[in-house]
Number of protein chains: 2
Amino acid sequence: MSDPSTKERLLDSAERLFAERGYAATSLRELTQDAGCNLAAVNYHFGTKEALVLAVLERRVRPVNEERLARLDALEAAGTPQLEDVLRAFVAPLLERHRDGAAVERVARLFLQLSTMRDPELQHYRLFQSTATRFVAAFLRALPEVDPVTVYWRITFMIPVVAMSFSDAERLAFLSGGTASADDTERALAHMVSFLAGGLRAPEPTAGGAA
Amino acid sequence: MSDPSTKERLLDSAERLFAERGYAATSLRELTQDAGCNLAAVNYHFGTKEALVLAVLERRVRPVNEERLARLDALEAAGTPQLEDVLRAFVAPLLERHRDGAAVERVARLFLQLSTMRDPELQHYRLFQSTATRFVAAFLRALPEVDPVTVYWRITFMIPVVAMSFSDAERLAFLSGGTASADDTERALAHMVSFLAGGLRAPEPTAGGAA
DNA sequence: GGGGGCGTGAAACGAGCGTTTCAATCATGC
DNA sequence: GCATGATTGAAACGCTCGTTTCACGCCCCC
């Protein structure tokens with residue numbers, strides 16, 4: 001037995017393989033071979049393949065959401081936070097808790113895969129429920145001049161930016177001609193916060209002005 | 001043989017079932033039964049399951065991208081388009097070519113599923129290559145006051161908004177407390193354009209101002 | 001009106017899957 | 001040092017999957 005326990009090696013291998021090759025395309029035989037353990041270890045430590053992938057996501061998402069809420073607590077204890085402060089509290093924990101862009105990419109790909117499944121066993125969204133509620137309220141307070149319904153729409157647009165932007169490093173490289181990389185966490189954070197702040201604060205669409 | 005051909009019924013059933021239950025979770029036996037045809041019809045008309053899902057996506061995406069490019073052609077023929085015009089040319093074809101929010105949701109879920117696979121057979125992104133190149137250039141021209149590298153970053157943030165915002169009707173309903181629905185195409189378009197325009201035009205992040 | 005090929009039906013193939021079983025092994029506290 | 005529970009190893013189970021095969025019907029055109 002090597003340094004990390006079997007359970008942790010299973011989580012590590014599952015995170016990497018599920019993210020890179022896909023959940024359905026990765027068999028538990030490849031996975032346990034990659035982790036250097038027996039096939040039955042999955043059943044013993046997690047029960048099923050579905051419980052394993054949920055545990056993989058939860059291991060990454062839970063600390064991020066806890067730090068998000070802690071930062072928001074700190075901000076609101078100090079007064080009424082600016083929009084950019086709330087945005088940084090929401091985005092920074094995701095980027096800064098991972099070593100490089102590849103780590104964020106893996107979590108994003110895992111999340112996206114679970115998002116497109118409707119299996120009742122895979123209720124990953126409950127991990128975000130309390131965080132979502134708290135931050136929706138914070139955004140409403142930070143945007144008093146914007147119609148709340150418009151804020152709801154814009155939060156709906158904001159979620160995909162945070163969840164999906166770093167899910168494919170090639171896309172960023174292709175679109176930017178190689179000039180941008182998610183490995184520069186600080187720059188990525190600054191760009192995302194300025195983009196989201198601009199979108200959330202934009203002039204509201206006029207009633208009939210779509211054409 | 002009923003009105004739509006077997007091939008079209010296969011595409012219809014595949015679009016619905018792949019989107020609702022997931023590509024991997026839908027067997028060709030369920031699918032052909034839903035379409036009211038024989039299992040071998042998939043092999044006969046498409047060859048493999050992968051070729052089928054690609055055909056499903058292409059049937060919806062190709063007309064959208066063609067209309068995007070046609071609208072951009074028309075805009076550029078008439079002069080130098082405003083940012084909002086380019087955004088509408090990009091977003092409107094997706095929303096207006098589908099009857100309701102559920103249709104957009106299906107296409108979005110299909111696209112997201114294929115995005116998280118790295119199978120070389122599923123090169124769905126080639127469908128977007130020419131459209132992406134043309135629109136990147138158009139956004140750069142419409143944003144002469146913004147550093148091009150910043151524009152690249154912001155286009156990277158924009159793609160997820162368009163691709164994922166309507167992929168889950170429940171998310172929109174939950175976040176908005178039921179006040180927003182993607183079935184109102186015109187309103188959804190106006191909100192998305194204003195959000196994206198605000199994000200793309202936002203003040204650029206200062207060099208050291210991330211903390 | 002008969003021939004040719006396009007489309008369909010029923011059935012089977014072979015492989016790979018997640019899961020389960022159960023005995024062997026290890027660590028640990030008495 | 002031994003009993004006990006936790007963990008691992010090897011093997012098999014039962015099932016479902018995508019794919020393939022091949023014979024049959026239908027329709028159109030000569």
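Numbered from 1 within each chain, the chains take letters A, B, ... in sequence-line order. These values consider heavy atoms only, across backbone and side chains, with no hydrogens, waters or symmetry-generated copies.
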**Study point:** Nucleic acid contacts of residues 111-118 of chain A, taken as heavy-atom distances under 4.0 Å to DNA chain C
**Key:** none
Check your understanding: Side chains of A:L87 and A:M192: does their closest heavy-atom pair fall under 4.5 Å?
Key -> no
Review point. Is there a side-chain contact between B:V151 and B:D147 (heavy atoms, below 4.5 Å)?
Key: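 No, side chains not in contact.
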Point to revise | Salt bridge flag under 4.0 Å for residues B:K7 and B:D12 | key: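 B:D12 and B:K7: not salt-bridged.
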Point to revise | Salt bridge A:R126-A:E58, side-chain N to carboxylate O under 4.0 Å | key: yes
**Study point:** Heavy-atom closest pair, residues B:A89 and B:R68
**Key:**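 Heavy-atom minimum between the residues: O-CG, 3.4 Å.
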Practice item. Describe, in one word, how the ring planes of B:W153 and A:H191 are oriented to each other, choosing from parallel (under 30°), tilted (30 to 60°) and perpendicular (over 60°). Key: parallel
Point to revise | Worked verdict on A:F128 versus A:F111 for ring pair (Phe, Tyr, Trp, His ring centres under 6.0 Å) | key: CA-CA 11 Å; A:F128 298 89; A:F111 173 76; 5.3 Å; yes
Review point. Rounded to whole angstroms, how far apart are OH on B:Y44 and P on D:dG25?
Key: 18 Å
Review point. Do B:S194 and A:R154 get their side chains close enough for a donor-acceptor pair, meaning under 3.5 Å?
Key: yes
Check your understanding: Just to confirm, is there a sub-4.0 Å distance from OP1 or OP2 of D:dT8 to any side-chain nitrogen or oxygen of A:H45?
Key -> yes
Could you write out each protein N or O paired with an N or O of nucleotides 11-20 of chain C at a distance under 3.5 Å?
residue, atom, partner, partner atom, Å
C:dA12, N6, B:R29, NH2, 3.4
C:dC17, OP1, A:S27, OG, 3.3
C:dG18, OP1, A:K49, NZ, 2.8
C:dG18, OP2, A:L28, N, 2.9
C:dG18, N7, A:R29, NH1, 2.8
C:dG18, N7, A:R29, NH2, 3.4
C:dG18, O6, A:R29, NH2, 2.7
C:dT19, OP2, A:K49, N, 3.0

